Asker: 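Encoded as structure tokens, here's the structure I'll be asking about.
Since the structure is predicted, the reported quantities are computational estimates derived from the model, not experimental observations. Residue indices begin at 1 and follow the sequence shown.
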Amino acid sequence: MIINTIGIWVVYKNKNWVEQNKEYFMCFAAGVLISSPLIIAFPEAIAKNNNAGFAALAGFIFMFFSNRFIRHKTKQEELAFGITAIEGIGIHSLIDGIVYSVTFSVSIFTGIVSGIGLIVHEFAEGAITFSVLVKGGVKDKRAFVYAFLVAGLTTPIGAFIVYPFVSNFSSRILGLALGFVVGVLIYISASHLLPEVKTNEKEHSYIALLAGITLSLFIMASK
């Protein structure tokens, strides 16, 4: 929540700088969020439950249809852009909180690795949320508050909702939950972060992607 709010505050005070560099933040976050689930979290999920692959697929499909549902409910192009972006960010910020609870319940190491990518992308997410609201005609100060409620506050809410139940999960259920999280993380990076970067591609932006992947590999090697 703090990192997200910092992202909102930075763009509130330095709109031009954030607009020029947000692609680098998103690429780095995407690199971590693609590699760490595949090489660290997913093997742990499979070790706990052989059906974790189905849960990962379910997580990906859930995010896909959630996004489609939002688009279907909005008909006007400008309105659709604003509502889809804000609701989409709100949904996946809530899931971010669930991700934190599940990954840290598996192990501190898994939680930290997943958390690094999530925290980095929280900065870009806060900046993007504020920018979308301003683009939709909301005044700066009100956009700051709305962005905090939509993108910042939803993450700890998701964590607090799930936390009391995670401690009671059996190993097999935890494997399925972790598998679901893997699908969610891959969707966020592959369908949310990277397409946005590609639309506004900048020179050397994919070096940041490789840096995120390298960080995950380094952390895994240091385990």
Asker: Take I186 and L38 through the side chain to side chain contact (heavy atoms under 4.5 Å, CB included) test and state the conclusion after the steps.
Answerer: CA-CA 9 Å; I186 292 175; L38 291 175; 3.6 Å; yes
Asker: List for me each residue that meets ring pair (Phe, Tyr, Trp, His ring centres under 6.0 Å) alongside F60, sequence neighbours excluded, and say none if there are none.
Answerer: Y187
Asker: List the atom of R172, the atom of N49, and the distance in Å for their closest heavy-atom pair.
Answerer: O-ND2, 3.0 Å
Asker: Between CD of E44 and CG of L178, what distance do you get to the nearest 0.5 Å?
Answerer: 6.5 Å
Asker: Please give me the minimum heavy-atom distance between A45 and G179, naming the atom from each residue.
Answerer: CB-N, 3.8 Å
Asker: Using the test side chain to side chain contact (heavy atoms under 4.5 Å, CB included), find all partners of I207 that sit at least two apart in sequence or belong to another chain.
Answerer: H204
Asker: The criterion is side chain to side chain donor-acceptor pair (under 3.5 Å); which residues satisfy it with S101, sequence neighbours excluded?
Answerer: none
Asker: Apply side chain to side chain contact (heavy atoms under 4.5 Å, CB included) to L149 and list each qualifying residue two or more places apart in sequence or on a separate chain.
Answerer: V145, L153
Asker: If you group Ile, Leu, Val, Met, Phe, Trp and Tyr by side-chain heavy-atom gaps below 4.5 Å, do V182 and F54 land in one group?
Answerer: no
Asker: Give the C-alpha distance, both sets of side-chain angles, the deciding distance and a yes or no for side chain to side chain contact (heavy atoms under 4.5 Å, CB included) between L176 and N51.
Answerer: CA-CA 7 Å; L176 291 176; N51 294 317; 4.2 Å; yes
Asker: Taking only residues two or more places apart in sequence or in another chain, which ones pass side chain to side chain contact (heavy atoms under 4.5 Å, CB included) with I173?
Answerer: F169, S170
Asker: Can you list the residues that meet the side chain to side chain contact (heavy atoms under 4.5 Å, CB included) rule with N50, with sequence neighbours excluded?
Answerer: none
Asker: Kindly give the heavy-atom pair with the smallest separation between A56 and F42, and that separation in Å.
Answerer: CB-CE1, 4.0 Å
Asker: Are V181 and I61 co-members of a hydrophobic cluster defined by side-chain heavy atoms under 4.5 Å apart?
Answerer: yes
Asker: Indicate the atoms forming the closest heavy-atom contact of P37 with P43, along with that distance.
Answerer: O-CD, 4.1 Å
Asker: Compare every heavy atom of S35 with every heavy atom of G212, then report the nearest pair and how far apart it is.
Answerer: O-OG, 4.1 Å
Asker: Establish whether F62 and F64 are linked, either directly or via other cluster members, by ILVMFWY side-chain heavy-atom contacts under 4.5 Å.
Answerer: yes
